[in-house]
Protein chains: 2
Amino acid sequence: METKPQERHRKPRADAQRNRERVLEAAKAVFSVGGAEASLEAVARQAGVGIGTLYRHFPTREDLFEAVYRREVEQLAELAEELKTEPSPVEALRRWLRSTVQFVATKKGMMAALAIVMNANSELAAYSHGHLTRSIGALLARAVAAGEIRSDISADDVLRALIGMCYMHDQTGWQQSVLRLLDVFVDGMKTGKARE
Amino acid sequence: METKPQERHRKPRADAQRNRERVLEAAKAVFSVGGAEASLEAVARQAGVGIGTLYRHFPTREDLFEAVYRREVEQLAELAEELKTEPSPVEALRRWLRSTVQFVATKKGMMAALAIVMNANSELAAYSHGHLTRSIGALLARAVAAGEIRSDISADDVLRALIGMCYMHDQTGWQQSVLRLLDVFVDGMKTGKARE
DNA sequence: AGTTATACGGAGGACGCCTCCGCTTAGCAA
DNA sequence: TTGCTAAGCGGAGGCGTCCTCCGTATAACT
């Protein structure tokens with residue numbers, strides 16, 4: 001009896017998935033510390049897998065960068081989701097924006113890597129742009145619906161402002177500066193002119 | 001007779017200076033094509049010097065990036081100087097801005113490298129920012145003095161706009177887009193509302 | 001011409017990249 | 001359960017790059 005030439009696929013093996021996850025976690029840690037050109041063998045070591053396994057899951061360094069980055073963007077989206085339960089919509093927005101700054105800050109080494117990947121893969125740019133815009137949009141909408149902030153600012157506007165602000169991340173003390181600017185920005189969007 | 005313990009320094013050797021120049025030239029070429037992680041041995045090869053010589057002049061890869069970048073910024077400054085003889089001040093400004101875009105375009109691979117270096121060395125950022133602002137300032141001043149453009153735009157403003165526009169250099173076709181935007185921008189600065 | 005500080009080149013050891021393949025194991029069917 | 005096999009694993013090994021070190025060469029100076 002011939003077995004059908006495999007139209008049905010087996011369920012992906014559990015260990016494969018686990019290893020993939022481990023590598024991503026390790027990569028995040030290693031790249032954050034060692035920058036974009038950290039050794040992939042170090043990543044494999046830290047993940048406790050063989051170098052071959054790493055290469056099977058992520059054939060190129062860029063693939064790994066990309067996967068790590070996607071994960072992070074998705075996590076930001078999840079954070080936005082969670083923040084929906086935060087009582088004050090404006091506070092939720094502020095918190096999310098601040099998290100983003102944190103996100104950029106811890107990725108010092110990765111930013112350069114991302115510049116490369118983004119260049120080569122505009123689909124990734126679109127993907128993250130979409131995710132981020134949607135997250136901001138949701139947070140904005142809630143705050144607007146509550147009448148807490150003005151309604152003529154789009155999610156795109158906010159994202160652009162955010163990116164622009166973080167673009168200064170080469171100067172020392174940029175982080176505090178951006179956090180201040182964000183506070184001002186959020187305050188500026190409030191409707192009631194009564195500041196807290 | 002003891003020779004004084006070398007308070008006076010010899011004139012730097014001619015071959016050393018020549019080699020340094022060669023390496024910089026080669027590095028510019030190699031990095032433009034091969035990106036930030038091109039082989040340093042390839043650079044030495046192309047420059048026609050030993051690898052040891054390269055390392056003596058530029059102990060780290062970043063040192064080399066930095067030197068190449070400084071040269072380029074200085075060349076942009078020189079271009080601004082030359083453009084002072086251009087009959088139409090506005091045209092001079094436009095030409096310079098367009099050159100800058102070219103500059104960014106050919107440095108595709110280098111941009112990521114620069115992001116790293118800029119992060120680690122804010123003196124370099126200040127240096128280039130200063131040079132660029134001064135170049136723009138000179139071009140602006142001449143155009144303003146000739147009454148061709150409005151006078152309430154600072155060199156910093158122009159630089160910020162320029163950088164912001166080039167920041168989109170991950171999308172395909174960004175270059176044409178930026179060139180168009182620059183034209184609009186320059187047109188917008190003209191005083192007489194009569195377009196050419 | 002002689003002296004010497006300065007610079008040169010490239011061999012070599014260490015290390016990272018990536019491929020390849022023999023071994024292991026999870027999923028599946030009987 | 002048991003056996004089968006596709007899917008997955010690890011790491012040895014070949015190759016290229018990094019960077020140091022040092023014997024040789026030579027420009028600047030006397």
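Sequence lines set the chain letters: A, B, ... in the order given, protein chains first and strands last, and positions in each chain run from 1.
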Is any side-chain nitrogen or oxygen of T53(B) closer than 4.0 Å to OP1 or OP2 of dG9(C)?
yes
Counting only pairs under 3.5 Å, give me each side-chain donor-acceptor contact of residues 78-90 of chain A, with atom names and distances, residues two or more places apart or in other chains.
unit_1 : atom_1 : unit_2 : atom_2 : d
T85(A) : OG1    : E82(A) : O      : 3.0
E86(A) : OE1    : R95(A) : NH1    : 3.1
S88(A) : OG     : E91(A) : N      : 3.1

Whether N19(A) contacts dC9(D) is assessed here as follows: a side-chain N or O lying under 4.0 Å from the phosphate OP1 or OP2. Is that the case?
yes
Who are the salt bridge (charged side-chain N to carboxylate O under 4.0 Å, His left out) partners of R180(A), not counting sequence neighbours?
none
Considering only distance and modelled atom types, tabulate donor-acceptor pairs under 3.5 Å from the side chains of residues 51-58 of chain B, sequence neighbours left out.
none

Divergence of helical axes at both termini of the helix from dA1(C)-dT30(D) to dA30(C)-dT1(D) - five pairs an end, 10° steps
20°
List the residues meeting salt bridge (charged side-chain N to carboxylate O under 4.0 Å, His left out) with E41(A), not counting sequence neighbours, and say none if there are none.
none
Quick test of your reading of the model: are D15(A) and R18(A) salt-bridged, counting only N-O distances below 4.0 Å?
no
Respond yes when some side-chain nitrogen or oxygen of H57(B) is under 4.0 Å from OP1 or OP2 of dC8(C), and no when none is.
yes
Checking D157(A) side chain against S154(A) main chain: does a donor-acceptor pair fall under 3.5 Å?
yes
How would you summarise protein contacts on nucleotides 14-19 of chain D per nucleotide, using B for base, S for sugar-phosphate only and - for none, with heavy-atom distances below 4.0 Å?
---SBB
Separation of atom CZ in F58(B) from atom P in dA7(C), rounded to whole Å
13 Å
Using the rule side chain to side chain donor-acceptor pair (under 3.5 Å), only one of R71(A), Q46(A), R20(A) pairs with E25(A); which is it?
R71(A)
With hydrogens left out and only the distance checked, is there a donor-acceptor pair under 3.5 Å joining R13(B)'s side chain and the base of dA7(C)?
no
Over 12 non-hydrogen atoms of neighbours within 6.0 angstrom of CD in E74(A):
yes
